[in-house]
Amino acid sequence: MEKKRTKVTIKSLHAKKQRKEAIVAIGVYDAPMTAIAEEVGFDMLINGNAGPMSLLGHATPMTVRFEEQLILTQAVSRAAKYGMVVAHMPYMTYHASSAEAIRNAARLIAEGGADAVKCEGNRHTAKAVADIVNAGIPVMGHVGMQASRKLEQSGFGFKGRSAQEAAKIVDDARAFYEAGAFAFILEYVPVEITSYLAATLPVPIISVGAGPSPDGIYLISGDAVGYSAFPRPKNEASFVDVRPMIAQGLQAYKDQVLSKAYPDSEFTQHMTQEEHEKFLDMVEGRRKTAAE
């Protein structure tokens, strides 16, 4: 008998870590992909930086407006039923003041329908995380490679190759945990960091391009199926490529329009002969009246 699905919560995620069951997270940014993801069944539905980038064409998350992230979060939450919806806090939306951080996070919950927010950062950003958590809003941390901190981190590449850089990532994660983060995304770091954090922090460490984590894995849906405005990152797998299929369908549509094959009789509706004659009498009479 299939187990009845229930809404994923912070408590259920922590219970999975304790039972050593993998948490499976997927990045989704619109209602259709979310609906498909819910049919498959994922623990976490994360609306991260990649949404505005892959769907809206932003080359960098630094140009994403809060309202854009909010709209994508709304699309996801409307189609979500069981998975935990996590909304990314865009560039500089939680740095200026405690009040602004809480206000923006609250909007993603109250207006966006998210169950939690996600914050990138380091030990210095931990105060903002604590302020949001203390306001009653769950926060998921994001350490390692952080797209919103591309300028500071000198690009989107791997982080933590040196012992010093790896130690700093661990220190930043600890600061976020102490501030109240209930889980972490750990991106593009050596697996040694992933293993260490998963073993030493009591909250789930979800890997994206950071090797196997005993706690869980996160992958962007667009990368998993080949649907993005940008090439798939080399450090992430792709399980199917829908781009050729979509291109094939669009090409067939274009060709049939040019050859007058579409729309054919199957997709064409007609008036009855009687109504057509009435219609012609009405419009022709009005045209003659207007000409006089």
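Nearest heavy-atom pair, Asp215 versus Ala198, reported as atom, atom and distance to 0.1 Å: OD2-CB, 3.7 Å. In terms of heavy atoms, Cys119 sits closest to Phe176 at O-CE2, 3.3 Å. Ala105 and Ile132 make their closest contact through CB-CG2, 3.8 Å (heavy atoms, listed as atom of the first residue, atom of the second, distance). Across every non-hydrogen atom of Pro138 and Ile10, the tightest pair is CB-CD1, 3.6 Å. Nearest heavy atoms, Ala114 versus Thr73: CB-CG2, 4.0 Å. Smallest separation of non-hydrogen atoms from Ile193 and Ala166: CD1-CB, 3.5 Å.
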Inset, instruction - Applying side chain to side chain contact (heavy atoms under 4.5 Å, CB included), run through Lys17 and Val203 and close with a yes or a no. - result: CA-CA 7 Å; Lys17 179 180 174 93; Val203 297; 5.6 Å; no
Legend entry - Step-by-step side chain to side chain contact (heavy atoms under 4.5 Å, CB included) determination, Met44 to Tyr218: CA-CA 9 Å; Met44 308 184 81; Tyr218 167 47; over 6 Å; no
Inset, instruction - Check the pair Glu274, Lys278 against salt bridge (Lys or Arg N to Asp or Glu O under 4.0 Å), reporting the backbone distance first and the verdict last. - result: CA-CA 6 Å; Glu274 181 182 358; Lys278 289 180 182 179; 3.6 Å; yes
Legend entry - Test log, rule side chain to side chain contact (heavy atoms under 4.5 Å, CB included), inputs Val28 and Phe42: CA-CA 11 Å; Val28 287; Phe42 288 93; over 6 Å; no
Inset, instruction - Apply side chain to side chain contact (heavy atoms under 4.5 Å, CB included) to Val86 and Asn47, showing your working. - result: CA-CA 6 Å; Val86 181; Asn47 181 20; over 6 Å; no
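Between the side chain of Glu275 and the backbone N or O of Thr272, no donor-acceptor pair lies under 3.5 Å. Under the 3.5 Å distance criterion, the side-chain polar atoms of Ser195 are left unmatched by any main-chain donor or acceptor of Glu192. A side-chain donor-acceptor contact under 3.5 Å links Ser221 to the backbone of Gly27. Put simply, the side chain of Thr34 never gets that close to the backbone of Ala79: no donor and acceptor are under 3.5 Å apart. In this structure a side-chain-to-backbone donor-acceptor pair under 3.5 Å is missing from Lys118 to Val139. When atom types are taken as modelled, the side chain of Asn122 and the backbone of Thr125 share a donor-acceptor pair closer than 3.5 angstrom. Using modelled atom types, one side-chain atom of Gln74 and one backbone atom of Glu111 make a donor-acceptor pair closer than 3.5 Å. Between the Ser207 side chain and the Pro212 main chain, no donor and acceptor come within less than 3.5 Å of each other. Of the possible donor and acceptor atoms, none in the side chain of Gln69 sits under 3.5 Å from a partner among the backbone N and O of Val64. Judged purely by atom type and a 3.5 angstrom limit, Ser12 has no side-chain atom pairing as donor or acceptor with the backbone of Val8.
Remark: Gln164 CD is loosely packed, at most 12 non-hydrogen atoms of other residues, nucleotides or ligands lying under 6.0 Å away. Enclosure of atom NZ in Lys254 is not indicated, since only 12 or fewer non-hydrogen atoms of other residues, nucleotides or ligands lie within 6.0 angstrom. When the shell of 6.0 Å around CE of Met282 is examined, it contains 12 or fewer heavy atoms from other residues, nucleotides or ligands.
The side-chain heavy atoms of Leu197 and Phe184, taken from C-beta on, include no pair separated by under 4.5 Å. Here the side chains of Arg107 and Glu67 are in contact, with some heavy-atom distance below 4.5 Å. Two residues are said to be in side-chain contact when any heavy atoms from C-beta on lie closer than 4.5 Å; Arg123 and Glu178 meet this criterion. Using a 4.5 Å heavy-atom threshold, the side chains of Tyr188 and Lys159 count as separate. Side-chain contact between Phe158 and Met145 is absent, with no heavy atoms from C-beta onward closer than 4.5 Å. At least one side-chain heavy atom of Glu38 sits under 4.5 Å from a side-chain heavy atom of Leu45. Taking 4.5 Å as the limit, every side-chain heavy atom of Ile220 sits out of range of all side-chain heavy atoms of Val208.
Atom CG of Asp223 sits about 9.0 Å away from atom CD1 of Ile26, to the nearest 0.5 Å. Between the NZ atom of Lys81 and the OG atom of Ser77 there is a distance of 15.0 Å, given to the nearest 0.5 Å. Taking OH of Tyr227 as the reference point, atom CG of Asp241 lies at 13.0 Å (rounded to 0.5 Å). Interatomic distance, Tyr29 OH to Leu55 CG, rounded to the nearest 0.5 Å: 8.0 Å. Put simply, CZ on Arg65 and CD on Glu68 are 4.0 Å apart, with the number rounded to the nearest 0.5 Å. Atom CD1 of Ile137 sits about 12.5 Å away from atom CG of Asp115, to the nearest 0.5 Å.
Put simply, Val24 and Ile185 are part of the same group of oily side chains (I, L, V, M, F, W, Y) that touch within less than 4.5 Å, one to the next. Under the 4.5 Å side-chain contact rule for hydrophobic residues, Ile102 and Tyr94 do not share a cluster. Taken together through direct or relayed side-chain contacts under 4.5 Å among Ile, Leu, Val, Met, Phe, Trp and Tyr, Val143 and Tyr196 form part of one hydrophobic cluster. No continuous path of ILVMFWY side-chain contacts below 4.5 Å connects Leu13 to Ile217, so the two sit in separate hydrophobic clusters. Side-chain heavy atoms closer than 4.5 Å link hydrophobic residues (I, L, V, M, F, W, Y) into clusters, and following such links, even through other members, never connects Leu219 to Ile205.
Remark: the His142 side chain and the Glu187 side chain contain an N/O donor-acceptor pair separated by less than 3.5 Å. Between the side chains of Asp131 and Ser98, at least one donor N or O lies within less than 3.5 Å of an accepting N or O.
Between Arg103 and Glu100 there is no salt bridge, since no side-chain N of the basic residue sits under 4.0 Å from a carboxylate O of the acidic one.
The aromatic rings of Tyr262 and Tyr253 sit perpendicular, their planes meeting at an angle over 60°, well past the 30° parallel limit.
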